[in-house]
Participant: 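Input: one structure, supplied below.
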Amino acid sequence: MPGDGAGGLTRALRIAAARLLFVTLVAMAAAPAYAVAAASSVALRPAHAAIASAHPMATAAGEEILGAGGNAFDAAVAVAAALTVVEPTGSGLGGGGFLLLHRARDGQDVMIDAREMAPAAATRDMFLDAAGEPDRQRATASALAAGIPGEPAALALLASKYGRLPLARSLAPAIRLARGGFPVYARLQGGIRLKLGELRRSPDAARIFLVKGEVPALGQLIRQPELAHTLELLASGGPRAFYEGPLAKKLVAGVRRMGGIWSEADFAAYRAIERQPVVGEYRGARIVSASPPASGGIALVDALNILAGFDLASLDSATRKHAIIEAMRRVHRDRAVWLGDPDFVPVPVARLTSPCYADGQRSSIRLDRATPSAALPGVALAGAGTQTTHFSILDDEGNRVAATLTLNLWFGTGLMVPGTGVFLNNQMDDFAIKAGAPNAYQLVGGEANAITPGKRMLSSSTPTFVESRRGVLIVGSPGGSYIIGMVLLATLDFLDGRSAAEIVSSPRFHHQYLPDVVQYEPGAFSDTERRTLAAYGHELHESSRRWGNMQAVVWDYTSGAVEAASDPRGAAGGISY
Ligand code: DON
C-alpha cells in the first residue's frame, strides 16, 4: 500500500526480531553513555537501519542500496530518485527541497539547500495582472511558475560528498522503476483526478499518466521511459549532464516554448548549497532543523523556546494546547515578517532563535485568553496539503537523513517538459508575489520574500532531528503551511515518550497567525478542551480533511529499538491533506 506504515516498517520489522536481544544487551551495557552520546553527538550504533518514506517502492529502493553497501546518504539518493518516479505528485527532478544530514563519523550536521531559484529574467511583479492583482493561474499553473530545479544537484552532491557508492548505482532502482513501471495507487489516482485539466494540457504528461485522456484505474501500470533516460543521463554524466549540455538545452527550450523564462545561464549557475542547520535546545534535548530559505527550523526552535517557559506538564490539557497555539501564532507572524533567502536578505536567525527573544514573546501570552492576531504588530499568513514528500533514514552506523522535497502543488504545474519526463514545479508561488497577498497556502509575506532574480523562495519545510537522552527522532512532513506546527507537535510527542507510530498518527491542530483561527483535525480536542479553548477566545475550525504525510524514525537508546513509521493519512486511500 502506497504511503502506508508498511512502507516505513518493513525493514525495521524484518530485522528487529532477530536482533532484539542483542540490541537490548548492547543498550543496557551502554546505558551510562547515553547522556554523553546525546550531548556530544558521539552516536552509538543502531542495531539496524530504518527508512520511512511515502511509498513502499521508494523505501525498497533505499533498502536495496543499503544492502549493496551504501550508507544513509546513498539510500537517500535512491529513495528520492524513486519518489520522483512513483510519487510524481510530490517531488521530482524538476523540483527541489531541503535535506538535513547527520554524519555519525564526526557528528557533523549539515543542510543541503536544493531549493529552486528564480530565473534571471524573473521580475518582482511578474505574477500581477494589469490591475496589479495576483494572477493565481499564472503563479501556479503556467511555465512561469517554475523555479530552476534543485533536486538533481542535491542528489549528485549527496552521492559525491557523503555517499559511498557511485551516483549511478544509487539511481539504478529508480531507473528500473521508471522503465518497468509501477501500479497506480489511490493517492496518485486522487492527485491525477485533481489535476486532470492541467495534465490534459501537457501531451507528455497525458500520454504517461492518463488513459485515453481519462483518469487511469487503480493498478494501471505507469511507465516513464523519458524520465528513465533523464535519470540515466544524470547517472552517467553527473550534475553537469542535467545543468549543462543537451538535456539542459532541451529543458530550457521546452519551457520557453510553453511561455517560460528559463535560460541556459540559469541552469549553469545553479548549485545546491550546504548550509548550517538551525540548532536549539528544549527540555535538555538538542533540536537540529532546516535553516533559511526554509522557515521551519527557526519557527520550531522559537516555538519551543516560548514553550520552555511554561511547565506544560502541570497545565490542564486545554491550557497546554492553548499555550502551543499561542506559540504557533507568534512564530508564524515572524515567519511572514522576517524570513527569506539569506543570500539576499538579512535574516536575524540568532535573534529569532534566542531564548531572550522568546521570553519577550511569552510575556504577551495569557494562559486564560487567546491573543487576537491583530494585536500583534506586522504582516501575516495561512495554508494546507500532502503534495510534496518527506522521508527519514537512519543507517546502522547512525548516519541520518531527513529530507523534504517538493514540486509545490500536486504535480507542480502539471506541465511536463516534452521528451524529458520532468514535471515543472510551481514553487515561484512560494514567493510573496504581492506584499500581503496570500499564496496557495494563504501564506503572506513581504519584502524579505519578494521575487528577485537568482533568489530562492521561502519554504515551510521542516526536516528535523530531535536528540534527547531517550534517543533520536528523525522527522518531517509535507503539508504546506501546516508543516511547522506538525513538526512542533511531533517534537513534543517524542519528548513525552511517544512511539514513532503514535507521533505520525496523533490528531493535529494548527495556527498560523492569519487567518486568526485554530484549525484542528477530528479528535484533536476533547469536548472539554473545545469548550475551554473557545472560552479563552479562540475561533475553532474543525477541518473536514486531515493533513500531512509525516515520516518518522525513532532510535530509542534505552530499549535499543529502531522504529520507522509512516503517517496513516498517506495510506487512508485517496488524498490526504
Ligand atoms: O516549500 C513549501 O513550503 C511548499 N512548497 C510546500 C508545499 C507542500 O508541502 C504541499 N503539500 N502539502
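Here, residue 1 is the first one in the sequence, and each next residue gets the next number. Order of appearance sets the numbers: ligands from 1, and atoms from 1 within every ligand.
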Participant: Only counting residues at least two apart or in another chain, list the ones meeting side chain to side chain contact (heavy atoms under 4.5 Å, CB included) with I474.
Facilitator: S392, L394, R400, A402, F465, V472, V553
Participant: Counting from 1, what ligand 1 atoms have a heavy atom of S460 closer than 4.0 Å?
Facilitator: 1 (O), 2 (C), 3 (O)
Participant: Evaluating non-hydrogen atoms only, which member of N408, T388, T89 is closest to atom 8 (C) of ligand 1?
Facilitator: T388
Participant: I want to check something: taking the side chain as every heavy atom from C-beta on, are L188 and P88 in contact at a cut-off of under 4.5 Å?
Facilitator: yes
Participant: Would you mind telling me if ligand 1 is within reach of the side chain of L458, the backbone, both or neither, using heavy atoms under 4.0 Å?
Facilitator: neither
Participant: With sequence neighbours left out, what residues match F98 under ring pair (Phe, Tyr, Trp, His ring centres under 6.0 Å)?
Facilitator: none
Participant: Aromatic ring centroids of F411 and F209 under 6.0 Å?
Facilitator: yes
Participant: Near I483, which atoms of ligand 1 are under 4.0 Å from a heavy atom of that residue?
Facilitator: 9 (O)
Participant: Pull out every atom of ligand 1 sitting under 4.0 Å from any heavy atom of R115, numbered as shown with elements.
Facilitator: 1 (O), 2 (C)
Participant: Report yes if the side chains of S459 and T406 come closer than 4.5 Å at any heavy-atom pair, otherwise no.
Facilitator: no
Participant: With a 4.0 Å cut-off on heavy atoms, does M457 reach ligand 1?
Facilitator: no
